[in-house]
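Okay, so here's the structure we're looking at.
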Amino acid sequence: MKRLDFKKAKIVQEELSKRVIVEDKFIFPPKSIAGLDISYRKGKAVACCVILDYETLNVTEVRLVKEEVRVPYVPTFLAYRELPYYVYLCYDLKNRNDIVVFVDGHGLAHPRKMGIACHLGVTLNIPTVGVAKKLLVGKIKTINNKKYLALNDEIIVAVIIEREKHGPIYVSPGHRVSLKTAEKLVLRTLTSKHRLPKPIQLAHFYSKKESKRI
DNA sequence: GCGACAG
DNA sequence: ATCTTGTCGC
């Protein structure tokens with residue numbers, strides 16, 4: 001397993017964070033919405049990208065890739081482990097402005113405001129949103145009865161969506177999407193049956209299903 | 001130094 | 001995230 005040079009990796013994140021755009025730079029409503037997730041099994045990673053029609057939320061495409069895991073998981077450096085699979089799966093989406101990609105993990109809600117959703121968005125120049133199940137950093141702030149996540153006790157980087165029946169999810173902008181729109185897109189794709197929005201839920205389902213074949 | 005820590 | 005069966009509960 002390859003080891004990371006944390007000092008350099010941190011500098012790369014700090015430099016890339018300067019290129020993150022937290023404004024809506026895509027066609028609304030988008031033509032499609034995609035979800036990314038990865039399952040692991042015996043040293044192998046099975047990454048999945050599910051693309052849905054935004055209007056009907058019907059699945060139009062399912063992509064899978066199975067590869068050796070080369071980098072260990074280290075908190076705040078998740079992208080160095082998982083980004084390669086996502087770049088491979090989403091390469092043809094490069095520069096598009098009619099699709100938004102949901103990533104399983106944080107976007108701006110990261111110590112250096114460079115979670116994996118931001119990293120993927122900046123790398124391929126595509127609109128992305130981070131959706132996480134657990135907190136990495138930040139302090140919860142309540143504004144008008146809605147919960148948000150703030151960094152340095154100041155900057156709002158994520159909105160927390162809470163529902164009966166399900167645990168909370170943390171939604172933060174990845175790239176070319178505002179916080180308000182990120183929330184709107186996620187709310188549009190939530191279903192009563194699952195905690196995560198449909199695109200990511202399906203990516204999780206298919207990647208897990210495929211990983212069981214290893 | 002100690003504890004926290006996306007997937 | 002994964003290693004893991006049945007089982008308690010909404």
Side-chain angles (χ1 to χ4, degrees), chain A residues 1-2 4 6 9-10 12-13 16-17 20 35-50 64-90 101-123 128-140 148-153 157-175 182 186 191-197 199-214:
Chain A
M1 194 90 81
K2 176 182 178 182
L4 282 174
F6 299 115
K10 187 177 288 188
V12 168
Q13 291 180 324
L16 287 180
S17 73
V20 172
L36 299 172
D37 191 27
I38 297 178
S39 287
Y40 295 92
R41 177 112 175 172
K42 307 191 65 163
K44 296 268 194 179
V46 176
C48 180
C49 172
V50 175
L64 287 163
V65 63
K66 187 183 322 183
E67 264 303 328
E68 203 80 20
V69 176
R70 303 166 180 288
V71 181
Y73 165 66
V74 178
T76 78
F77 295 107
L78 174 66
Y80 290 87
R81 176 181 172 85
E82 305 191 331
L83 200 67
Y85 311 114
Y86 291 156
V87 168
Y88 173 82
L89 290 174
C90 303
V101 179
F102 287 175
V103 185
D104 188 38
H106 291 291
L108 284 185
H110 176 280
R112 291 168 289 283
K113 293 200 267 188
M114 200 57 203
I116 190 167
C118 299
H119 211 132
L120 178 65
V122 169
T123 298
T128 59
V129 172
V131 181
K133 300 175 287 298
K134 297 195 307 192
L135 225 47
L136 176 58
V137 289
K139 179 181 176 183
I140 298 175
Y148 294 88
L149 198 62
L151 287 190
N152 309 317
D153 203 24
V157 291
V159 60
I160 303 175
I161 296 178
E162 295 178 311
R163 296 183 295 163
E164 312 260 332
K165 293 286 187 180
H166 296 296
I169 55 175
Y170 307 89
V171 178
S172 59
H175 185 52
V186 170
T191 63
S192 58
K193 186 171 184 174
H194 302 284
R195 176 185 185 183
L196 294 169
I200 293 181
Q201 149 63 27
L202 288 175
H204 181 73
F205 176 80
Y206 288 119
S207 65
K208 191 132 190 172
K209 179 181 178 185
E210 184 60 26
S211 73
K212 287 179 178 175
R213 288 162 49 86
I214 297 177

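In what follows, chains are A, B, ... by sequence order, proteins preceding strands, each numbered from 1.
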Under a 4.5 Å cut-off applied to non-hydrogen side-chain atoms, are A:Tyr80 and A:Lys2 in contact?
no
What contact category does [X] fall into here, base, sugar-phosphate, or nothing, at under 4.0 angstrom with non-hydrogen atoms?
X	value
A:Ile116	base
A:Lys44	nothing
A:Tyr85	nothing

Nearest listed nucleotide, side chain of [X], among [options]:
X	options	result
A:Asp104	B:dC5, C:dC3, B:dG7	B:dG7
A:Lys165	B:dC5, B:dG7, C:dC10	C:dC10
A:Ser39	B:dC5, B:dG7, C:dT2	C:dT2

CE/A:Met1 to OH/A:Tyr73 distance, rounded to the nearest 0.5 angstrom?
13.5 Å
About how many Å separate CD1 of A:Ile169 and CD1 of A:Ile161, when rounded to the nearest 0.5 Å?
4.5 Å
Would you kindly give the NZ-to-P distance between A:Lys133 and C:dT2, to the nearest whole Å?
10 Å
Kindly say whether A:Ala117 contributes a backbone atom to a donor-acceptor pair with the side chain of A:His175 at under 3.5 angstrom?
no
Verify stack between A:Tyr73 ring and B:dG7 base, 5.5 Å, 30 degrees
yes
Looking at B:dA6, I'd like to know if its phosphate oxygens (OP1 or OP2) sit under 4.0 Å from a side-chain N or O belonging to A:Arg81.
no
